[in-house]
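Notes for the one structure printed next.
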Amino acid sequence: MAEQSRELATGMESLAAQAFEVAGEAFNLGSPKQLQEVLYDKLGMPALRKTQKGQRSTAEPVLQELASRGFDLPRIILEHRSLSKLKSTYTDSLPAEINQRTGRIHTSYNQAVAATGRLSSADPNLQNIPIRTAEGRRIRQAFVAPPGRKLVAADYSQIELRIMAHLSGDEGLLSAFDGGDDIHRATAAEVFGCGLDAVSDDQRRSAKAINFGLIYGMSAFGLGQQLGVSRHVADEYIERYFDRYPGVHAYMETIRAQAHDDGFVETVFGRRLYLPEINDRNRMRRQAAERTAINAPMQGSAADIIKRAMLAVDAYCADPGVDAAMIMQVHDELVLEVAEGAEDTVIDGVTGRMRDAARLSVELVVDVGVGDNWDEAH
DNA sequence: CGCCCGCGCGCG
DNA sequence: AAAGCGCGCGCGGGCG
């Protein structure tokens, strides 16, 4: 970690020097205020978005857009940000969290924080360890199994979409999961009207954004932004989607109506999330509550299911014949430390219990990996 | 100096 | 006017 911190620092210095060249002056790249002055006052770039408090935003999507318009500095700032995020949040901080007695990092899981029923992890948060970039994965590689043991990571595949299929009963979605299809590819084939084999990478990417967007209650505007297409085109995607999966459309309408009538929504197991602002006079608050109403049954049911799985897996690990321990939970993933040689048996035991944690009208599928470190186990 | 807020961004 | 759900944390900046 120390070596990585130094590498990140070197990268940040080089980017600061580049910023100096472009801007004609040195400034603190981490200071939004100074960055605003350089970008919008000194270099005269258009302020594309304001923050909640009326400041000219320097958030990632804004800088992305400026970079795509040919400005150099935003790209440098974005690179600097990602390095600085990794350094301050992870490589500088995590070593200080090592417990002197155990030689390990121990997190705390909060059971009564997240409104949807998820666990949250704090002091330190081990549910946001990087994975999406190569640089970030190097941090994940620092989470290692002790000698003679392996890490096993088991995660639910597309659990929220499967719950949507279950809750909506939509024929098309159910049969896509039954057939074991790549769900984003299947969605792309439906929305773009082609065969599964004819789906392009770009179409699959769009379909993935549509699938996630639906879970979050996203609008055509938001989808368009994300995909870099017009609102009109995004609208057509959504229309096609609901045309192909009418059960999903009906479910969205039903859950909205229920939320307005009852003031709460429920998970598959009947756990409630109350929505006090669902009938608010303020439209923005009302719409935010509607998005929560759409998302909460899926996110919340997934949380219920993995908690049930954790009880079963914990009981399994308590068996004296099983040399394994459940050490982390990351929303749809369980991480175990397992004795070398016992991997195959434990993987069977754990994935079986995760699969059986709930009986939905679609199968629950669990992907699993083994390795000497957390990155390898994926 | 400690505390709090807004912003920005890491993860699912 | 706003426009995607749920978290936790580091930083800059302002305050008492």
Side-chain angles (χ1 to χ4, degrees), chain A residues 27-36 49-64 77-78 80-94 96-97 107-110 112-133 135-137 139-140 155-161 164 209-227 231 234-235 265 273 275 282-300 302-303 306 328-334 374 378:
Chain A
F27 66 101
N28 180 351
L29 279 66
S31 161
K33 208 168 180 182
Q34 288 180 38
L35 183 58
Q36 273 173 37
R49 222 182 69 197
K50 298 266 176 114
T51 67
Q52 196 79 30
K53 246 186 91 197
Q55 297 289 308
R56 293 164 296 181
S57 171
T58 64
E60 202 218 29
V62 173
L63 297 189
Q64 289 282 12
I77 297 297
L78 286 171
H80 185 274
R81 282 228 185 113
S82 64
L83 298 190
S84 127
K85 178 85 175 180
L86 294 180
K87 184 171 187 292
S88 64
T89 309
Y90 304 104
T91 63
D92 284 350
S93 306
L94 287 175
E97 300 282 354
T107 186
S108 299
Y109 288 104
N110 301 302
V113 169
T116 53
R118 276 187 175 184
L119 300 184
S120 82
S121 159
D123 304 312
N125 182 356
L126 294 186
Q127 289 179 324
N128 72 343
I129 301 302
I131 193 169
R132 292 174 189 170
T133 67
E135 267 304 312
R137 278 198 294 277
I139 290 163
R140 193 167 276 248
D155 67 281
Y156 284 111
S157 166
Q158 309 295 354
I159 189 166
E160 293 186 6
L161 280 174
M164 185 161 86
I210 294 171
N211 281 332
F212 276 103
L214 284 166
I215 291 175
Y216 299 151
M218 186 166 58
S219 66
F221 176 91
L223 182 64
Q225 288 270 307
Q226 159 114 18
L227 295 179
R231 196 212 135 93
D235 241 329
V265 291
L273 179 75
L275 300 160
N282 179 314
R283 179 167 148 174
M284 219 167 57
R285 289 186 194 172
R286 204 167 59 238
Q287 287 177 337
E290 284 180 0
R291 291 193 295 274
T292 304
I294 286 171
N295 175 260
M298 292 179 266
Q299 191 180 127
I306 198 164
M328 285 190 284
Q329 188 255 44
V330 191
H331 309 306
D332 66 353
E333 169 186 5
L334 296 179
W374 194 6
H378 268 274

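Numbers restart at 1 for each chain; the letters A, B, ... are given by sequence-line order, proteins then strands. Computed over heavy atoms, backbone and side chain alike; hydrogens, waters and symmetry mates excluded.
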For [N], does either OP1 or OP2 sit under 4.0 Å from a side-chain N or O belonging to [X]?
| X | N | answer |
| --- | --- | --- |
| S121(A) | dG8(C) | no |
| S31(A) | dG13(C) | yes |
| T292(A) | dC5(C) | no |
| N125(A) | dG10(C) | no |

Return the [atom1] to [atom2] distance between [X] and [Y], rounded to the nearest 0.5 Å.
| X | Y | atom1 | atom2 | answer |
| --- | --- | --- | --- | --- |
| Q55(A) | K50(A) | CD | NZ | 8.5 Å |
| L83(A) | L78(A) | CG | CG | 11.0 Å |
| F221(A) | D235(A) | CZ | CG | 12.5 Å |

Can you check the [X] [atom1] to [N] [atom2] distance for me, whole Å?
| X | N | atom1 | atom2 | answer |
| --- | --- | --- | --- | --- |
| F27(A) | dG12(C) | CZ | P | 13 Å |
| R231(A) | dA2(C) | CZ | P | 16 Å |
| I131(A) | dC9(B) | CD1 | P | 20 Å |
| M218(A) | dG6(C) | CE | C1' | 16 Å |
| R286(A) | dA2(C) | CZ | C1' | 13 Å |
| M298(A) | dG12(B) | CE | C1' | 15 Å |
| M164(A) | dC5(C) | CE | P | 16 Å |
| H331(A) | dG10(B) | NE2 | P | 15 Å |

Donor-acceptor pair under 3.5 Å: do we get one between [X]'s side chain and the base of [N]?
| X | N | result |
| --- | --- | --- |
| R81(A) | dG8(B) | no |
| N128(A) | dG10(B) | yes |
| Q299(A) | dC5(C) | yes |

[X] side-chain proximity, nearest of [options]:
| X | options | result |
| --- | --- | --- |
| L78(A) | dG12(B), dA3(C), dC9(B) | dC9(B) |
| R118(A) | dC9(C), dG8(C), dG6(C) | dG6(C) |
| A115(A) | dC5(C), dC7(C), dG12(B) | dC7(C) |
| V113(A) | dG8(C), dC9(B), dG12(C) | dG8(C) |
| K53(A) | dG8(B), dG12(C), dC7(B) | dC7(B) |
| P130(A) | dG10(C), dG13(C), dC11(B) | dC11(B) |
| T51(A) | dG6(C), dG8(B), dA3(C) | dG8(B) |
| R132(A) | dG8(B), dG14(C), dC11(B) | dC11(B) |
| A114(A) | dG8(C), dG12(B), dC7(C) | dC7(C) |
| Y90(A) | dG6(C), dG10(B), dC7(B) | dG10(B) |

Would you indicate what [X] reaches in the nucleic acid, counting non-hydrogen atoms under 4.0 angstrom: base, sugar-phosphate, or nothing?
| X | answer |
| --- | --- |
| D155(A) | nothing |
| K85(A) | base |
| S57(A) | sugar-phosphate |
| D92(A) | nothing |

Both atom distances under 3.5 Å, Watson-Crick or G-U wobble: I'd like the secondary structure of DNA chain C as a dot-bracket string, with | for pairs made across strands.
....||||||||||||
With sequence neighbours left out, which residue pairs that include part of residues 209-221 of chain A fulfil the side-chain hydrogen bond (donor to acceptor under 3.5 Å, both in side chains) condition?
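As it turns out, the side-chain hydrogen bond (donor to acceptor under 3.5 Å, both in side chains) pairs with a partner in residues 209-221 of chain A, which skip direct neighbours, are H184(A)-N211(A), T187(A)-N211(A).
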Using atom P of each nucleotide, how far apart are dG8(B) and dA2(C) to the nearest Å?
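To the nearest whole Å, 15 Å.
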Considering only atom C1', compute the distance from dC9(B) to dA1(C) and round it to an integer number of Å.
25 Å
Can you work out whether N28(A) or A209(A) has the more 5'-proximal nearest nucleotide on DNA chain C?
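This one resolves to A209(A).
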Okay, side chain of T107(A), backbone of A122(A): is any donor-acceptor separation there less than 3.5 Å?
yes
For S121(A) and L126(A), indicate whether the former's side chain and the latter's backbone hold a donor-acceptor pair under 3.5 Å.
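Such a contact is found between S121(A) side chain and L126(A) backbone.
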Taking side-chain hydrogen bond (donor to acceptor under 3.5 Å, both in side chains) as the test, write out the residues that go with T292(A), two or more places apart.
none
Please collect all salt bridge (Lys or Arg N to Asp or Glu O under 4.0 Å) contacts where either partner lies in residues 209-227 of chain A, sequence neighbours excluded, each pair once.
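Counting only pairs at least two positions apart or across chains, no salt bridge (Lys or Arg N to Asp or Glu O under 4.0 Å) contact touches residues 209-227 of chain A.
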Return the set of residues passing salt bridge (charged side-chain N to carboxylate O under 4.0 Å, His left out) with K85(A) (not counting sequence neighbours), or none when no residue passes.
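Checked K85(A) against salt bridge (charged side-chain N to carboxylate O under 4.0 Å, His left out); zero matches.
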How would you list, by chain and number, every residue that makes a side-chain contact (heavy atoms from CB on, under 4.5 Å) with T133(A), sequence neighbours excluded?
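Expected list: E135(A).
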